[in-house]
There are 2 protein chains.
Amino acid sequence: MSVRHKTRLVDVARDAGVSPATVSRAMAQPDLLAAGTLQRVHESARKLGYRPDGMARALASGRTMTIGAIVPTLDSTIFARVLQAMQSTLAREGYQLLVASHEMNPEAETEAIRTLLARGVDGLMLVGAGRAKEAKNLLLAAGVPVVLTWCGEADFAAVTVDNERAGAFAAQHLIDLGHQRIGMVVGHLPFNDRQAGRLAGARRALGRAGLSMPDWLVSQQGLTLAGGRNGCAALLELAVAPTAIIGGIDLFAIGCIQEAQSRGLAVPGGLSVVGIDNIDMSAHMMPPLTTVHIPTAQIGQTAAKTIIAQIAGSGGRAHVDLPIELVVRRSASPFAPPG
Amino acid sequence: MSVRHKTRLVDVARDAGVSPATVSRAMAQPDLLAAGTLQRVHESARKLGYRPDGMARALASGRTMTIGAIVPTLDSTIFARVLQAMQSTLAREGYQLLVASHEMNPEAETEAIRTLLARGVDGLMLVGAGRAKEAKNLLLAAGVPVVLTWCGEADFAAVTVDNERAGAFAAQHLIDLGHQRIGMVVGHLPFNDRQAGRLAGARRALGRAGLSMPDWLVSQQGLTLAGGRNGCAALLELAVAPTAIIGGIDLFAIGCIQEAQSRGLAVPGGLSVVGIDNIDMSAHMMPPLTTVHIPTAQIGQTAAKTIIAQIAGSGGRAHVDLPIELVVRRSASPFAPPG
DNA sequence: TTGTAGGCGTTATCAA
DNA sequence: TTGATAACGCCTACAA
C-alpha cells in the first residue's frame, strides 16, 4: 500500500501476456486486434487501473489533444460564450481547451501565442485579425491549424461576422427613423478591429445618407457597463447632444439606457439607443434593446469544427462568414423634433 | 528553406560546443554555469531559434506548467470572472489554464477530472464540494494539488465563501425590513451546493425569527436571466404571493426586478428584491440592487495562489474563507401592509 | 494479427 | 563547472 508505482503500458502488457505495442493498439486502434486479445488487454488494464500518460503520448505522437484559445479577456459575456461553445464542441471530440487572455495588450498576445505553441497545442483559436508580423510568423512557422474569429485574414482560416455591416445595420435603422445626429460609444480602437469595424460601418451608412459622425460624437470607453454609462454621459453633455446613440457592444447600449434614464431622459422618447451583440440581458431591458444579433455561440462552435476539420486534413484556409441581423425591439423610435 | 527540422536541444549544444546537459541547465538553472558558457549557449539558441519542447519537458520533468480548472459552465459572469482572475495570476508565474466545464452534470465532471489528470496538470481547481466517491478517489490518488472553491471539504485545500451566511444576510435584511412572507428563486439544487447553502442560510435566518420559507415559496430555475423572470412570475402568481424575493444569484434578482416591473409591480414599493453575488450590472439597475457581495475575482486569485503554494510545497490543505457583506442599495424597502 | 526496437526532446543522476 | 547517460512512457514503422 505504499508508493504504488503508476501502472504503465508495459505493466498491462506483462499482465495480459502481450507486447506493449499490442496494448498501445488496444487503446488507439482496437479494430486491428483479435477480439480475444482485445478483451484480455482491456481486462488487465481495468484490473491495474491503467491510465495512459498524456505527456508521454504527446511526446511520442506529436499530438496533445489540446486546442489553445487566446481571447482578449475571459471576463466578458461574449468571449465566455464563445469559449463555452468551443469547449463543449471540442470535448465531444476528445479535445481540451487551453485558454489564455491578453487584456487587450498586443505584446501579451504574442507572448501567449508563443507559450501555447511551445506547450504544444494541436490547434489555435484567436480573436480578430491584424496582429504584428512577429505574431503572424510564429503562427505560420508553427504549422498548426489556426482559426481567426470575428475578423479574418487571408493567411488563416476564419470564422467571421461582418462587423462593418453590423455597424451599418445599427446606423441605418436610426437613419430610417429620421435621426440625423447620431453618436456612438465604442471600445478603445487600437488593437480592436471588431470595434473599429463597427464604427466604420456606422459611418459608412451615415455617409450614404449624406450624414456623418464626427469624432466628437464618438466616445471610446473600456468594455464595461460603466464605460457605457460614461460614454453616454459624455455625449449627452455635449452642447448639441445626439438624439440617438449606438452602443459598439450591447453592454454599452445598456449602460446608455441606464444613464439616460437616471438623468430623467426617457428611452426611446428622449434618446434612441441601438446595440450590437444581442446578449441575453438585452431582451429583458426596459425598454427591450433594439440590437444587431451576432451569433456568438455559433462562432465558437464553428471555430471548433473548423479546427477539427483542419487537423483531420480537410478544411484548409476556409473562411466562414456568419449571418447577422437587426433585431428591432423598443429602444429606438422615430426622431421627434423638440417642441 | 524546405522543411527545416525544428531545432532541438542537441542542435544548440552542438553549435555552442557544449553538452546537451549544459544547454538544459542554461535554460533552467543559469546560475550553475560559467558566465562565458551561458553567453555562448544563449547566442546559439537565439541564432537557431531554439524553443524548448513543452511535451518533452513535461515527460522528463513530470511538470506541465499547466493548471486545470473545472467549472460548471464558462458562460456565466461569475465563473468567467473567477477564471479570468486565476488566469492572470497564474500567467504571472508561467502557468497556463486548462479549462473544462461540465454543465452541472456530475458524471461529466468526473470525466473531466479524469481527462485533465491524464493530460497532466500540475494542479486542479474545482468548484464546490460534495462530489461522488469515485471523483474524490481520483483526486486523492492523482497526488496533484487540488483546491476547491466556493465550498470546501476536509480532504482538500479550499477557498470558500460562506454561502449559508450569504443567504442568511439576504434574508435577515428583509426580516429587518418587516417582511414575513419571503420567497426565493434558486438554481437546481441537486449537485449545486452553493445554491443549496444559500437557501439553507436564508431558511435558518427565517427560522431564528420565527418565520419560515416553505417549499412552495422556493422556485428552482436554470441559472439564467429568464430563469429569474420565470421564478418571479411563478411566485407572484401564488394565491398568497411573497412581499419579498431573494435571488440565489444576482441574475435571478435582476430577472425578478424586470418581471415585476413588466407586470406593473413597483420595486421596491410592491415587491422587495435582494440578490447574492454583486455583479457589475446590479449597481446599475433601476432601482440599484441590494445584494450580498461575493468577492468573485478574489476567489480566483486566491485559488491560483493556493495552488502555486501547494506546488511549491508550502500551503498544505489550507482553507481560506473570504469575507462577504451586505450591500444595501434600493431594491428592498420596509414592508408596507396593503391598504 | 502481433512483436521488436528505435525514437520523441528533455531532465536528472552520477561522475569527472 | 561540465559531461555521459539513463530514464520519462508511449508510438509506430518494420518485421514476423
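Throughout, a chain's letter reflects where its sequence line sits, starting with A, and its residues are numbered from 1. Note that this is a predicted model, so its numbers are computed, not measured.
Counted within 6.0 Å of CD on B:Glu103, heavy atoms from surrounding residues, nucleotides or ligands total more than 12; the atom is thus considered enclosed.
In this structure, B:Arg8 reaches the C:dG9 phosphate: one of its side-chain N or O atoms is under 4.0 Å from OP1 or OP2. Between B:Arg57 and the phosphate of C:dT11, there is a side-chain N or O to OP1/OP2 separation shorter than 4.0 Å. Put simply, A:Ser24 has a side-chain N or O that comes within less than 4.0 Å of OP1 or OP2 on D:dC11.
Looking at heavy-atom distances under 4.0 Å, B:Ala34 makes contact with sugar-phosphate atoms alone, never a base. Among the atoms of the strands shown, only primed sugar atoms or phosphate atoms (P, OP1, OP2) are found under 4.0 Å from some heavy atom of B:Val18. Across all strands shown, B:Leu33 has heavy atoms under 4.0 Å from sugar-phosphate atoms exclusively, and none from any base.
Of the two residues contacting DNA chain D, namely B:Leu59 and B:Arg40, the nearest-nucleotide position lying further toward the 5' end is that of B:Arg40. Take the nearest nucleotide of DNA chain D for A:Pro20 and for B:Ser61: the residue whose nucleotide is more 5' is B:Ser61. Residue A:Leu32 is the one, among B:Ala60 and A:Leu32, whose nearest nucleotide of DNA chain C lies closer to the 5' end (criterion: closest heavy atom).
Distance CG (B:Leu38) to P (D:dT1): 11 Å, rounded to an integer number of Å. A:Lys6 has its NZ atom 6 Å from the P atom of D:dG9, to the nearest Å. In this structure, the CG atom of B:Asp31 is 10 Å from the P atom of D:dT1, given to the nearest Å. Taking atom CZ of B:Arg51 as the reference point, atom C1' of C:dT10 lies 16 Å away to the nearest angstrom. Straight-line distance from the CG atom of B:Leu9 to the P atom of D:dG3: 12 Å, rounded to whole Å. The CE atom of A:Met27 sits 14 Å away from the P atom of D:dT12 (whole-angstrom rounding).
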Check the pair A:Phe191 / A:His102 against ring-ring contact (aromatic ring centres under 6.0 Å, His included), numbers first and verdict last. CA-CA 11 Å; A:Phe191 195 55; A:His102 55 69; 5.4 Å; yes
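The closest side-chain donor-acceptor pair between B:Thr73 and A:Gln84 falls under 3.5 angstrom.
Looking at the side chain of A:Thr22, the nearest of the listed nucleotides D:dC10, D:dT1, C:dG3 is C:dG3. Relative to the side chain of A:Arg25, the nucleotides D:dC10, C:dG3, C:dT10 differ in distance, and C:dG3 lies closest. Of the candidate nucleotides C:dT1, D:dC10, D:dT2, D:dC10 has the atom lying nearest to any side-chain atom of A:Asp53.
Comment: B:Lys47 engages B:Asp15 in a salt bridge, judged by a side-chain N to carboxylate O separation of less than 4.0 angstrom. Between A:Lys136 and A:Glu153 there is a salt bridge, since at least one side-chain N of the basic residue sits less than 4.0 Å from a carboxylate O of the acidic one.
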